[in-house]
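The next block holds one structure in the form of structure tokens; read it before the comments.
Atoms within each ligand, like the ligands themselves, are counted from 1 in listed order. The analysis underlying the following values was restricted to heavy atoms, covering all of them including side chains, and did not include hydrogens, waters or symmetry mates.
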Amino acid sequence: MKRRDFIQKAGVGSLAAGGTLLAPNVANAGAQFKWKMVTAWPKNFPGLGTNANLLAKLITEMSGGRIKVKVYGAKELVPAFEVFDAVSSGVAEMGHSGAYYWKGKAPATQFFSAVPFGLTAQEMNAWLYYGGGMELWRELYKPFGIIPTATGNSGVQMAGWFNREIKSIDDLKGLKMRIPGLGGEVLRRAGGTTVDMPGGELFTSLQSGALDATEWVGPYNDLAFGFHKVAKYYYYPGWHEPGSTMEALINEKAFNALPKDLQVIVLTACKAANMDMISEYTARNNQALDTLINKHKVKVLPLPDDVLKTLKQLSEEVVLELAAKDALSKKVYESVTQFRTQVTKWGSISEQAFLRARSL
Ligand code: CA
């Protein structure tokens, strides 16, 4: 009875809004779906793994158990870097990862996780939901049979952990650093060497000296990995990841097999998980930063302005070259660049002006 009321109400709402009445897919209405969600993170990893858990729980509970989603940590079903293929082929119905891992599939994927000196979390969500970004993302993943959407944002990250001080751009020369995506290309142009590896392997690589530096996320996640035990200096700001988006990948066929109400539940759960992560990170990074500084005596340092200026110049070159790779990359670049110009104008007299005023 309750469910019928809900459908009637939803129907009335749609009509009142001038839309067409959505007929529930009656044939599938009572069907049960068992979905697997593969992730690029260690199981239950704070922030990232737990966001995947939250998303699975939301979908399962909002659907009254009609979709049961089981979460697999990296390597449990497939390795971290095979999440995209697993969802594309239908080995798993869902994935939870970061789009920049898939630059080998299509260069433009990198625009949907993090662009050096690009959009902040708030700006990224604005571009995705109201600036045309989401439509472009779907167009990009369509050939792979995947529907992407945002499921979390880390906010501004840290520049990373270094075993040497960075006083000038020359200190980046010869540096072996784990830094994925476009930021990695920027570091290479600054003379560094980059290594791509999943989060779970970073601690031992820093410890053994296979890496001189690594970026990961921010205090909350980095403390959990214990990087303070194997690197001395913790630099900010995360110029390379100003507002990294986590992605939910949904196998298109699996999604299309759902009745309409469950489709809405899946996408709405992703939106709720997206909001949850930035709230959690904003709250928990503070506590973790305090622990790192006061308990573990970590040296938290700003990258010098001239280093940041050089990295910004190199970033602009790298992003422009990415835009030239194919037609879709160009289209995404133009959309996001135009959006950044607009949002910067508004931001300078809203967020930026306010934060300045608050600190006077
Ligand atoms: Ca990162």
Side-chain angles (χ1 to χ4, degrees), residues 39-42 45-52 74 80-81 83-84 96-103 109-121 123-124 150-162 166 172 175-188 190 192-203 205-206 211-228 230-231 233-247 274 277-278 280-282 284-285 288-289 292 298 300 302-303 308 311-312 315 318-319:
T39 71
W41 329 115
F45 191 80
L48 305 172
T50 52
N51 185 269
F81 291 161
V83 165
F84 190 94
H96 192 291
S97 53
Y100 51 22
Y101 291 143
W102 322 125
K103 65 178 176 184
T109 57
Q110 296 170 97
F111 284 113
F112 297 94
S113 49
V115 174
F117 297 93
L119 303 179
T120 65
E123 293 166 352
M124 186 71 180
T151 186
N153 197 302
S154 64
V156 179
Q157 300 198 359
M158 288 292 283
W161 296 85
F162 294 73
I166 305 299
L172 297 178
L175 188 88
K176 281 178 291 173
M177 182 170 182
R178 182 270 186 189
I179 170 169
L182 298 169
E185 181 54 32
V186 173
L187 186 82
R188 283 194 287 280
T193 307
T194 63
V195 185
D196 258 359
M197 60 174 72
E201 295 167 25
L202 296 175
F203 183 91
S205 300
L206 264 180
L211 285 178
D212 300 318
T214 187
E215 69 80 50
W216 180 235
V217 185
Y220 175 43
N221 285 160
D222 295 7
L223 176 64
F225 264 154
F227 293 137
H228 55 277
V230 286
Y233 306 102
Y234 196 22
Y235 275 95
Y236 66 90
W239 55 274
H240 62 304
E241 298 199 52
S244 294
T245 300
M246 305 306 135
E247 63 179 5
N274 191 26
M277 188 189 282
I278 185 65
E280 185 187 17
Y281 272 55
T282 304
R284 296 197 201 274
N285 275 331
L289 181 64
L292 286 170
V298 167
V300 180
L303 285 172
L308 287 170
L311 291 171
K312 188 175 168 222
S315 297
V318 166
V319 176

Run Tyr281 and Asn153 through side chain to side chain donor-acceptor pair (under 3.5 Å) and show every step you take. CA-CA 8 Å; Tyr281 272 55; Asn153 197 302; over 6 Å; no
Can a side-chain donor-acceptor contact be found between Tyr236 and Gln157 if the only test is distance below 3.5 angstrom? no
Can a donor-acceptor pair be found between the side chains of Glu215 and Trp239 at a distance below 3.5 Å? no
Can you tell me if, anywhere in Ser154, an N/O/S atom lies at a distance from the Ca ion (ligand 1) that is smaller than 3.0 Å? no
Measuring to the Ca ion (ligand 1), does Trp216 have an N/O/S atom at a distance below 3.0 Å? yes
Do the two ring centres, one from Phe45 and one from Phe225, sit under 6.0 Å apart? yes
Report the name of the N/O/S atom of Glu241 located nearest to the Ca ion (ligand 1). OE2
Where the Ca ion (ligand 1) is the vertex, angle from Glu215 OE2 to Gln157 OE1 to 10°: 150°
